[in-house]
Amino acid sequence: MVFHSEYADVPVVSLPIHEAVLGRAAEFGDAPALIDGAGELSLTYAQVDAFHRRVAAGLAEAGVRKGDVLALHSPNTVLFPVAFYAATRAGASVTTVHPLSTPEEFAKQLRDSSARWIVTVSPLLPAARAAAGHAGGIEEIFLCDTGEDCRSLQSFLASTAPVPDIAIDPDEDVAALPYSSGTTGVPKGVMLTHTSIATNLAQLDPFVPMGPGDRILAVLPFFHIYGLTALMNAPLRHGATVVVLPRFELDQFLTAIEKHRINGLYVAPPIVLALAKHPAVADHDLSSLEYIVSAAAPLDASLAEACSARLKLPPVRQAYGMTELSPGTHVVPLSAVNPPPGAVGKLLPSTEMRILSLDDPSKDAEPGAEGEVAIRGPQVMKGYLGRPDATAAMIDADGWVHTGDIGRVDGNGWLFVVDRVKELIKYKGFQVAPAELEALLLTHEGIADAAVIGVEDEDGTEIPKAFVVRQPNAAELSAEDVMAYVAGKVSPYKKVRRVEFVDGVPRAASGKILRRELRDRA
């Protein structure tokens, strides 16, 4: 059975993303577009529009050409959107990079994406330079802020070069190249076209309306597709004000809500947990809040209820999607009255869904039964960069994306995601690929074999747990040794947080790790 949205289809938006988002900037003029929630800097819509054009001219003058890839390596700042739209206007694709990536991880992404340019911030410049040295092929590193050794984007504001007028094919040209592990495996470049991102923004309009006067707090990272869509592209497209924070620190977060009278929050479950339970919440006036949307990882229904009750808000809305889907496919509408607890939403316009049988994926599951969620629509990625086999494994011949998530649909069209076929671990909304950690563990001379799964900690957060087989001569190897070894080589969110030593890793005859057996014993 093919499920269709109950909402009217939306036209495909075949526009460059900078035009799709900033096309009304002149209309919003002097209204505040971006405010530094941790500082003093703010930009109006007129300034964002003018600045991104000047920076695009400076990038083009520096040598950025259509088809180039620019790596944007930065925490959230008010200049992150300027850098993003300037790069796309200059004809480049933007690969967003986790600011806490190690130089080795960063270099892998630079090599895989064939990036030629980097935009970073001065505190991260040493890591960016090291990555560029490892990867090779980088033409120049620019800074979002000021520095002594690199040109800054601000210096381009004085450029007299012409604004580039690039012929962009929105349906084919890649605007954003975030990296995702998909349903399993190592991170891969997800080719999101201008059209797929712009159309997904239009699909979201009936669910989370924004406009002038709305104030959205951008605490989730812009480099993540959720932040890029919900906290940058969507509000700037409609004239809302985005208050930008570089990271989640509870006191700063609560102070920003109070000071800037934030009315809309787009968060991940760990922030919902803090809002529901942390005593510091009581010390701040959060009465401006009108709604909360949670996505990027499953949200426990009782936790959502506790948060709503404490803040005297309507039920916390959930949303569902994945990087490969630009990213949204389901949202619980703000207008919904008493949506069922635990539902992740209803289908966006122009989106189709099937629930595939777990026993025979070529067939649909019985009505109301659990099965793998498959999606088809204009927001589907173009494919994985340079990986046609991985693309074919993800998107079948009829255009259905096999998400790897297990869900069911009730009689009213609400989707509930109940489990994951895929092996990916979601730590606080960030993707952690078990295969990547396993490969790293096996480089330790004291480890004979290893497997990694996600388990829940005391707060219900999914964390990586390693099952480790010691080498015969490594009897003294401790859990702390293993965790420290991994921590020294990966980004903080990828760290192994629990270790159990075992005599052997359960495997199928094919050699595939039997993770379900490990979950049963975890």
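By the 6.0 Å contact criterion, CG on D520 is enclosed, its count of non-hydrogen atoms from other residues, nucleotides or ligands being greater than 12. The neighbour count for K382 NZ, taken as heavy atoms of other residues, nucleotides or ligands under 6.0 Å away, is above 12. Counting heavy-atom neighbours within 6.0 Å of E249 CD, excluding the residue itself, gives a total above 12.
Closest approach of I262 to S288, counting heavy atoms only: O-OG, 2.7 Å. Considering every non-hydrogen atom in both P340 and D410, the closest pair reads CG-OD2, 4.3 Å. In plain terms, the two heavy atoms of P314 and S308 that are nearest each other are O-OG, 3.3 Å.
In this structure, the side chains of P206 and P349 come closer than 4.5 Å at one or more pairs of heavy atoms.
Looking at Y226, its side chain does come within 3.5 Å of a backbone N or O of V267 through a donor-acceptor pair. Under a 3.5 Å cut-off, the side chain of D285 and the backbone N or O of E258 do not form any donor-acceptor pair. Not one N or O on the side chain of K259 forms a donor-acceptor pair closer than 3.5 Å with the backbone of I257. A donor-acceptor pair under 3.5 Å is absent between the side-chain atoms of K495 and the main chain of G488, judged by distance alone. For R317 (side chain) and L334 (main-chain N/O), a donor-acceptor pair under 3.5 Å exists by modelled atom type. Of the possible donor and acceptor atoms, none in the side chain of D360 sits under 3.5 Å from a partner among the backbone N and O of S357.
Of the residues V174, I225, I17, the one that meets the side chain to side chain contact (heavy atoms under 4.5 Å, CB included) test with L192 is I225.
Judged by distance alone, the side chains of N263 and Y291 never bring a donor and an acceptor atom under 3.5 Å apart. In this model, no donor atom of one side chain and acceptor atom of the other lie less than 3.5 Å apart for Q379 and T329. With 3.5 Å as the limit, one finds a donor-acceptor pair spanning the side chains of S491 and E105. Using modelled atom types and a 3.5 Å distance limit, the side chains of D300 and S302 yield a donor-acceptor pair.
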Q | Residues D205, R237; criterion salt bridge (Lys or Arg N to Asp or Glu O under 4.0 Å); working and verdict | A | CA-CA 10 Å; D205 282 349; R237 182 169 173 260; 3.0 Å; yes
Q: List the steps and the verdict of salt bridge (Lys or Arg N to Asp or Glu O under 4.0 Å) for R521 and E500.
A: CA-CA 11 Å; R521 63 187 291 176; E500 181 177 334; 3.4 Å; yes
Q | Residues K363, L356; criterion side chain to side chain contact (heavy atoms under 4.5 Å, CB included); working and verdict | A | CA-CA 6 Å; K363 298 179 179 178; L356 305 176; over 6 Å; no
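Annotation: cation-pi pair K489/Y485 present, NZ/CZ under 6.0 Å from the ring centroid and within 45° of its normal.
Ion pairing of D398 with R354 is absent here, as no side-chain N (NZ or NE/NH1/NH2) approaches a carboxylate O to less than 4.0 Å.
The aromatic ring centres of Y7 and F207 sit less than 6.0 Å apart.
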